[in-house]
Amino acid sequence: MSLQNSNVENLPPHVLRLVYKEVSALAADPPEGIKIYPSEEDITELHTAIEGPEGTPFAGGIFRMRLVLGKDFPAVPPKGYFLTKIFHPNVGHKGEICVNVLKRDWKAELGLKHVLLTIKCLLIHPNPESALNEEAGRLLLEDYAEYESRARLLTEIHAMGGTSGAPQDPNDGPQPKKHAGDPMKRAGPSAASVPAALDAPHADQPRGVPEMTSA
């Protein structure tokens, strides 16, 4: 990997130490329903997998996501992207996530765990007022049954079973870095520290550990 394509060299050493400490803690004891796949090559890019919350159209799905820490982190919030296709008002067509904690409500002391939990909560409580996917936002307000049907369909196609690990079309997902390679290979020994199963009832199925999309 060439560091010129990474933010590692742009972050002060004390920030890198704090990020490494928090990512290590998250990998060892992840929030319920979230798996962490740290990379020893680039600590500024964190891959995760979020279980679709029960009682939502996303239940039963595994949604791959990526957080990218910019050179001004933690003064500036990380950028979040869903790598698994999802029909949600606050997720754009290229996977970009719109949530206040990643914008005006960000505070440096919040940390990555707070970001991950907020994004998971967004799957439970979408915010149509700040929609990136206008069609999803409109259906959520005007025809919830149709919104639920569309969201469930995409969950079944892209986030469940063997398809949850299928690579996306390069034009469909965010590609902020060319050096990333296969995240599962990049994770190396760190992946062993991630618990093999989550507490959720369906987490022991084969789809519980998705193969990440190449970036």
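Annotation: side chain to side chain contact (heavy atoms under 4.5 Å, CB included) contacts of Ala131 (sequence neighbours excluded): Pro89. Arg138 is linked by a salt bridge (charged side-chain N to carboxylate O under 4.0 Å, His left out) to Glu142, counting only residues two or more places apart in sequence or in another chain. Partners of Glu135 according to the salt bridge (charged side-chain N to carboxylate O under 4.0 Å, His left out) rule, which considers only residues two or more places apart in sequence or in another chain, are Arg150.
Counting heavy atoms from C-beta on, the side chains of Val19 and Leu69 come closer than 4.5 Å. Between Pro31 and Leu26, some side-chain heavy-atom pair lies under the 4.5 Å cut-off. Side-chain contact between Val23 and Ile43 is present, with heavy atoms from C-beta onward closer than 4.5 Å. Looking at heavy atoms from C-beta onward, Val68 lies out of side-chain contact with Pro78 at the 4.5 angstrom threshold. Arg66 places none of its side-chain heavy atoms less than 4.5 Å from the side chain of Thr48. Two residues are said to be in side-chain contact when any heavy atoms from C-beta on lie closer than 4.5 Å; Met65 and Ile97 meet this criterion. Between Arg64 and Ile50, every side-chain heavy-atom pair lies at or beyond the 4.5 Å cut-off.
In terms of heavy-atom proximity, Asn133 sits nearest to Val91 at CB-O, 3.6 Å. Nearest heavy atoms, Trp106 versus Gly111: CH2-N, 4.2 Å. Taking every heavy atom of both residues into account, Pro53 and Lys120 meet most closely at CG-O, 4.1 Å. The minimum heavy-atom distance linking Cys98 with Leu122 is given by the pair O-CD2, 4.0 Å. Thr155 and Gly61 get closest at one heavy-atom pair: CG2-CA, 4.1 Å. When all heavy atoms of Leu140 and Pro126 are compared, the pair lying nearest together is CD2-CB, 3.7 Å.
Ile86 and Tyr144 fall within the same hydrophobic cluster, where Ile, Leu, Val, Met, Phe, Trp and Tyr residues are linked whenever their side-chain heavy atoms come under 4.5 Å apart, directly or through other members. Residues Leu18 and Leu116 do not share a hydrophobic cluster, clusters being chains of Ile/Leu/Val/Met/Phe/Trp/Tyr side chains in contact below 4.5 Å. Linking Ile, Leu, Val, Met, Phe, Trp and Tyr whenever their side-chain heavy atoms come within less than 4.5 Å puts Leu46 and Tyr20 in one cluster. The hydrophobic cluster containing Leu139 does not contain Ile124, counting ILVMFWY residues as joined when their side-chain heavy atoms lie under 4.5 angstrom apart, directly or transitively. Note on Tyr147 and Leu132: separate hydrophobic clusters, where clusters join Ile, Leu, Val, Met, Phe, Trp and Tyr whose side-chain heavy atoms are under 4.5 Å apart, directly or indirectly.
Between Phe58 and His88, the ring center distance clears the sub-6.0 Å criterion.
Taken from CD1 in Ile119 to CG in Leu102, the straight-line distance is 5.0 Å, to the nearest 0.5 Å. A distance of 10.0 Å separates CG of Asn100 from CD of Glu129, quoted to the nearest 0.5 Å. Atom-to-atom distance recorded for Thr44:OG1 and Leu16:CG is 8.0 Å, nearest 0.5 angstrom. How far CD of Glu45 is from NZ of Lys79: 12.5 Å, rounded to the nearest 0.5 Å.
Between the side chain of Glu148 and the backbone N or O of Glu146, no donor-acceptor pair lies under 3.5 Å. Not one N or O on the side chain of Asn90 forms a donor-acceptor pair closer than 3.5 Å with the backbone of Val99.
For the side-chain contact (heavy atoms from CB on, under 4.5 Å) test with His47, the passing option among Leu67, Leu83, Ile36 is Leu83; the others fail.
Side-chain contact, Asp42 with Ser39: no donor N or O sits under 3.5 Å from an acceptor N or O.
Relative ring orientation between Phe82 and Phe63 is described as perpendicular, the plane-to-plane angle rising above 60° on a 0-90° scale split at 30° and 60°.
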